[in-house]
Amino acid sequence: MLFKDRADAGRQLAEQLALRTLKEPVVLALPRGGVPVGDAIAARLSAPLDIVLVRKIGVPWQPELALGAIADGDEPELVVNEAIRDELGLTESYLREEAAKQLREIERRRLAYLGGRAPIPVRGKTAIVVDDGIATGATMRAALRATRRRQPGSIVLAVPVSPAETIASLRNEVDDVLCLHTPIDFGGVGQFYAHFPQVDDATVTALLQRRAPRGGTSEHG
């Protein structure tokens, strides 16, 4: 095992990030598993913690296989794996319907996690985009592109573990990458953690509230 739990993974990432020059860092975690990782990073860097709301779009008969992903924003960011769509003959109507379904789930999560709080501004700042690990990269790619639209000064992708080829495929989406481990034998993110339970909505909400900025700054303020 490489990590005791998600908080341990976050602390290990934070020690490496602390060695870098980061202009006004803002930690953006992917719920739910990325939030405990991001919380540890935010604590070490004295940075605010926020989320990137993104949902995988799965193949109908194999939901864990990512056809693509959609991320929240003024204009939702849709990423599609064209090779999988063409190979399996999936229709445009399925993609539209599933994207709409996942946007409804994103809205539910926004209300659950943030209530009425606006996104923390990242314009001109260092956006550190965090998850507990990356497998194929479809979900993270959508998250990174949605973050880029918010015009940060730079984007750092920070994850504990991922296949090397996945990290390589994401490098052109970011300005810097920190991935602690790129194992050859990658069966799934959970295999690299001693303790890897599901993270529930209540935990995400509590961590975000604990690190909510004071003073009511917003993306548009």
Side-chain angles (χ1 to χ4, degrees), residues 2-3 6 9 28-35 37-38 51-110 127 129-150 155-193 196-199:
L2 298 173
F3 311 106
R6 292 179 177 90
L28 302 176
L30 274 63
R32 293 185 287 241
V35 175
V37 181
I51 51 176
V52 183
L53 286 161
V54 59
R55 294 285 294 170
K56 179 168 64 180
I57 296 174
V59 171
W61 56 88
Q62 192 177 346
E64 288 305 307
L65 176 60
L67 169 62
I70 190 161
D72 187 30
D74 292 336
E75 298 177 29
E77 186 70 44
L78 176 65
V79 172
V80 179
N81 187 322
E82 301 290 353
I84 289 180
R85 180 169 72 171
D86 293 346
E87 180 183 345
L88 300 179
L90 294 167
T91 64
E92 190 68 29
S93 62
Y94 169 77
L95 189 60
R96 283 198 306 270
E97 289 168 10
E98 191 63 18
K101 174 183 172 183
Q102 296 306 332
L103 281 173
R104 289 193 294 273
E105 174 61 14
I106 282 173
E107 189 58 29
R108 184 198 71 79
R109 290 189 178 204
R110 182 208 310 288
V129 183
V130 177
D131 205 351
D132 53 13
I134 309 175
T136 66
T139 305
M140 180 57 78
R141 188 178 303 277
L144 293 170
R145 290 182 180 178
T147 300
R148 183 68 74 185
R149 286 189 178 189
R150 295 170 61 190
I155 298 178
V156 179
L157 170 59
V159 290
V161 61
S162 174
E165 61 269 22
T166 299
I167 291 295
S169 75
L170 293 170
R171 284 189 182 275
N172 64 344
E173 305 284 351
V174 300
D175 301 287
D176 195 7
V177 175
L178 173 59
C179 180
L180 298 179
H181 299 282
T182 53
I184 295 173
D185 183 19
F186 189 99
V189 173
Q191 78 184 83
F192 302 102
Y193 288 81
F196 195 71
Q198 288 285 339
V199 178

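Residues take their numbers from the sequence shown, with the count starting at 1.
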To the nearest 0.5 angstrom, please state how far the CZ atom of Arg148 sits from the CD1 atom of Ile155.
3.5 Å
CD (Glu87) with more than 12 external heavy atoms under 6.0 Å
no
Are the side chain of Arg55 and the backbone N or O of Gln102 linked by a donor-acceptor pair below 3.5 Å?
no
Closest heavy-atom pair and its distance - Asp185, Phe192:
O-CZ, 3.7 Å
Ion pair check, Glu105 and Arg109, cut-off under 4.0 Å
yes
Taking C-beta and beyond as the side chain, do Ile184 and Phe186 meet within less than 4.5 Å on heavy atoms?
no
Is the shortest distance from a Lys or Arg side-chain nitrogen in Arg149 or Glu77 to a carboxylate oxygen in the other one below 4.0 Å?
yes
Heavy atoms, side chains only, cut-off 4.5 Å: are Val156 and Val177 in contact?
no
Presence of salt bridge, Asp176 and Arg171, under 4.0 angstrom
no
Can you confirm whether Tyr193 sits close enough to Leu2 that some side-chain heavy atom of one is under 4.5 Å from a side-chain heavy atom of the other?
no
Write down the atom of Val79, the atom of Arg145, and the distance for their closest heavy-atom approach.
CG2-NH1, 4.0 Å
For Glu92 and Arg85, work out which heavy atoms get closest and say how close.
OE1-NH1, 2.8 Å
Ile167 and Val159, any side-chain heavy atoms less than 4.5 Å apart:
yes
Once you round to the nearest 0.5 Å, how far does CZ of Arg96 lie from CG of Leu78?
11.5 Å
Beyond-backbone contact of Pro60 with Leu90, side-chain heavy atoms, under 4.5 angstrom
yes
pair Val161-Phe3: side-chain heavy atoms closer than 4.5 Å:
yes
Once rounded to the nearest 0.5 Å, what's the spacing between atom CZ of Phe196 and atom CG of Asp132?
4.0 Å
For the pair Val54 and Asp72, evaluate side chain to side chain contact (heavy atoms under 4.5 Å, CB included) and give the outcome as yes or no after the intermediate values.
CA-CA 6 Å; Val54 59; Asp72 187 30; over 6 Å; no
Do the side chain of Thr166 and the main chain of Ala135 share a donor and acceptor less than 3.5 angstrom apart?
yes
If you measure from CG on Leu103 to CD on Glu98, what distance do you get to the nearest 0.5 Å?
10.5 Å
So which atom in Pro183 and which in Ser162 form the shortest heavy-atom distance, rounded to 0.1 Å?
CD-O, 3.8 Å
Give, for atom OG1 of Thr139 and atom CD1 of Ile70, the distance between the pair rounded to the nearest 0.5 Å.
11.5 Å
Would a 4.5 Å heavy-atom cut-off, applied to side chains only, mark Arg141 and Ser169 as touching?
yes
Least distance between heavy atoms, Asp131 atom then Gly33 atom:
OD1-C, 4.1 Å
To the nearest 0.5 angstrom, please state how far the CG atom of Leu53 sits from the CD1 atom of Ile51.
4.0 Å
Salt bridge present between Glu107 and Arg110 (N-O < 4.0 angstrom):
yes
Do side-chain atoms of Glu173 reach the backbone of Leu170 as a donor and acceptor pair under 3.5 angstrom?
no
For Ala164, is there any backbone N or O sitting under 3.5 Å from a side-chain donor or acceptor partner on Thr182?
no
Taking the side chain as everything from C-beta on, heavy atoms only, tell me whether Arg6 gets closer than 4.5 Å to Pro197.
yes
In terms of heavy-atom contacts, Gly34 and Ala29 come closest through O-CB, 3.4 Å
